[in-house]
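See structure below.
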Amino acid sequence: MKSSILIAATTLSLTTSTSLLHCTGDCLLETEPYGTPRMYGVMEEKKLYWAKEHKEGVIGITASAGPSQCVNGNAGGYPCSGIDLLSFTSLADLGSKGQGNDIWGWTDSENNEYVIAGCSDGSSFVDVTNPTNPVVLGFLPTQTVSSSWRDMKVYEGYVYIGSEAKDHGLQVFDLHQLTALSKAYRASNSTVHSVATFQPTTVYTEFGSSHNIVINEQTGYLYSVGSKTCAGGLHIVDIREPANPQFAGCYSDDGYTHDAECVIYKGPDTRYTGHEICFNYNEDTLTIVDVTHKDAIKLLARYGYAGSQYTHQGWLNAEQTHLLLDDELDEQKEPSLDGHTRTLIWDVRSLDIPTLIGNFYSSEQSIDHNQYIHNGYSYQSNYCAGLRVLDTSTIAEGKLSEKGYFDVAPDCSKAVFSGTWSNYPFFKSGTIAVQSIEKGLFLVKAQF
């Protein structure tokens, strides 16, 4: 259940120093360890499972590999349908001595493509412009201690990295330096190079640990969620000067937020056209808030659903009429699912009355984790089932269909916390980056 601590967005205690806001007073209130009793339990369960995997020696043992076409349902030993393997880079070659977690991407002004691959001990920076021969350029160590949770997003050529590591803060790293490193490597014509150890450009310290990082690239605002501030809700940071992040406010009226997507609204509900709207995934509800005015954030809707176990993450379609939501624990705890992945389909054409209109049930037994809708497809990282790609062309009818898949965890076919953590499907080249907890970075490409 949610914490009883609620802090109105308009009554936060903010102090100024040299005209800057700081997170003080009520803003510093947290709930329970890890944000809420529910989140605490989930994280402890995951820690135990991954400790078991470490003990069994299944993390970090898979060697890097080259390309393999998906033929007859197999690509280099990985089950697949319509998706080819371009390359695989092991955790060790990423520069990590730990396990994998989240992932994001960036394209520079010369159209070179890069992956920021999260690991428990830091973040690896990989040039994937030639996806069959990726180059690990450097590794940014964790700011304090290792943690299985790390998240990153990009704005104007800077990556912002948070972690559940104690007192970690928000690492800010200028990605533009990767262009020169990449050029130097290509000019050398060498097959061997040293992997740099990076330092952050700056570190934002108005919060310590956090669970996820959300950025609205249209407005230049970052939303940290699951921190030990703002009761675990939206901790808002102004990053319009990318190397100089500044605290901008809190929203905590609905307690802990696990993940969110914040956009400039262009959907059919004309009351909010041009407003900045956040779609929050708040453990047991889809919570929609208008964050246009950071000092007067407005709750638009807060809706639960049948069979809710842990409202985890979701993503809007391009038209902002519908979204897909993944509940991380229903596959484990809802008997009627028998471990099969459920994707919830929501009609959000009226922002104050979001409506669950359908469910997609996978043939696979696996927990869902993170998904992103791009060019009409939802790219889902579903732990043991790997990358699953769903066609969203009939989303308005409450229906989805599977288009293809690439299974990064062929030895796992049950609802446990093993396999892929997340993916990045937004590169113009069509390269899809998939991060595995136990193995490392997969680069794949759809045949469709």
Side-chain angles (χ1 to χ4, degrees), residues 43-68 75-79 85-104 115-128 131 133-152 161 163-165 168 192-198 366-367 369-370 381-387 406-414 416-424 432-444:
M43 291 179 70
E44 287 302 313
E45 184 179 346
K46 290 181 179 181
K47 281 183 176 181
L48 290 172
Y49 186 85
W50 294 328
K52 174 177 171 289
E53 286 196 318
H54 277 287
K55 186 175 181 180
E56 293 172 347
V58 300
I59 294 179
I61 63 171
T62 307
S64 297
S68 181
Y78 296 96
L85 174 65
L86 301 177
S87 64
F88 167 70
T89 305
S90 69
L91 286 165
D93 287 342
L94 288 175
S96 174
K97 296 180 181 179
Q99 64 193 56
N101 44 57
D102 224 310
I103 193 167
W104 206 247
V115 160
I116 304 100
C119 304
S120 54
D121 48 353
S123 302
S124 182
F125 295 77
V126 188
D127 182 345
V128 299
N133 185 30
V135 180
V136 179
L137 297 173
F139 192 84
L140 175 63
T142 182
Q143 193 63 25
T144 53
V145 297
S146 292
S147 169
S148 297
W149 290 268
R150 194 169 304 280
D151 193 50
M152 62 288 296
I161 304 171
S163 174
E164 285 283 1
H168 185 276
V192 179
H193 76 291
S194 59
V195 175
T197 299
F198 292 142
S366 177
I367 299 171
H369 199 226
N370 291 302
S381 278
N382 291 349
Y383 280 111
C384 284
L387 176 72
F406 188 93
D407 187 354
V408 304
D411 298 326
C412 178
S413 58
K414 54 186 177 180
V416 295
F417 303 112
S418 179
T420 174
W421 185 290
S422 194
N423 68 87
Y424 182 81
I432 305 163
V434 184
Q435 184 76 328
S436 159
I437 297 169
E438 294 82 8
K439 293 180 173 66
L441 173 64
F442 290 84
L443 299 179
V444 300

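Quick note: numbers below take in every heavy atom, side chains included, and nothing from hydrogens, waters or symmetry partners. Since the model is a prediction, treat every value here as computed from it, not as a measurement.
Annotation for Val128 and Pro134: closest pair CG1-CB, 4.3 Å, computed over non-hydrogen atoms. The shortest heavy-atom contact between Ala433 and Leu441 is CB-CD1, 4.0 Å. Scanning all heavy atoms of the two residues, the minimum distance from Ser68 to Gly76 falls at OG-N, 2.9 Å. Between Gly100 and Gln435 the shortest heavy-atom distance is CA-NE2, 3.9 Å. Annotation for Cys384 and Asp407: closest pair O-OD1, 3.0 Å, computed over non-hydrogen atoms. Closest of all the heavy-atom pairs between Leu94 and Thr89 is CD2-CG2, 3.8 Å.
The CG atom of Asp411 sits 10.5 Å away from atom CD of Glu438, with the distance rounded to the nearest 0.5 Å. Considering CG of Leu91 and OG of Ser124, their distance stands at 9.5 Å, rounded to 0.5 Å. In this structure, Lys97 NZ and Cys119 SG are separated by 13.0 Å, a value rounded to the nearest 0.5 Å. Atoms CZ and OG, on Phe417 and Ser366 in that order, are 10.5 Å from each other to the nearest 0.5 Å. Put simply, OG on Ser87 and CG on Leu443 are 4.0 Å apart, with the number rounded to the nearest 0.5 Å. From His168, atom NE2 reaches atom CD1 of Ile161 across 7.0 Å, with rounding to the nearest 0.5 Å.
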side-chain contact (heavy atoms from CB on, under 4.5 Å) assessment of Asp93 paired with Ser64: CA-CA 8 Å; Asp93 287 342; Ser64 297; 2.6 Å; yes
side-chain contact (heavy atoms from CB on, under 4.5 Å) evaluation trace for Ile103 with Val115: CA-CA 7 Å; Ile103 193 167; Val115 160; 3.7 Å; yes
Verdict with supporting geometry, Phe139 and Thr197, side-chain contact (heavy atoms from CB on, under 4.5 Å): CA-CA 5 Å; Phe139 192 84; Thr197 299; 5.7 Å; no
Test side chain to side chain donor-acceptor pair (under 3.5 Å) applied to Arg150 and Thr142, step by step: CA-CA 9 Å; Arg150 194 169 304 280; Thr142 182; 3.1 Å; yes
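Between Met152 and Ser123 the shortest side-chain heavy-atom distance falls below 4.5 Å. Counting heavy atoms from C-beta outward, Ile437 and Asn101 have side chains that stay 4.5 Å or more apart. The closest side-chain heavy-atom distance from Val408 to Val434 is below 4.5 Å. Between Ile432 and Leu387, some side-chain heavy-atom pair lies under the 4.5 Å cut-off. Contact check for Leu137 versus Val126: no side-chain heavy atoms found under the 4.5 Å cut-off. Considering only heavy atoms from C-beta on, Leu86 stays 4.5 Å or farther from Val444 through its side chain.
Aromatic ring centres of Phe198 and Phe125 lie closer together than 6.0 Å. With ring centers used as reference points, Phe88 lies 6.0 Å or more from Tyr78. Taking the six-membered ring wherever Trp is involved, the centroid distance between the rings of Trp421 and Trp104 does not fall below 6.0 Å.
By the side-chain hydrogen bond (donor to acceptor under 3.5 Å, both in side chains) test, Asn370 pairs with no residue at all, sequence neighbours left out.
Glu53 and Ser418 form a side-chain donor-acceptor contact under 3.5 Å, judged by distance and modelled atom types alone. Remark: the Asp121 side chain and the Ser96 side chain contain an N/O donor-acceptor pair separated by less than 3.5 Å. Residues Ser381 and Asn423 have side chains that bring a donor and an acceptor to within less than 3.5 angstrom of each other.
Applying the 6.0 Å contact sphere to NZ of Lys414 captures no more than 12 heavy atoms from other residues, nucleotides or ligands.
Checked by atom type and distance alone, the side chain of Ser147 never pairs as donor or acceptor with a backbone atom of Ser120 at under 3.5 Å.
The cationic group of Lys52 lies under 6.0 Å from the six-membered ring centre of Tyr49 and within 45° of the ring axis, placing it in a cation-pi geometry.
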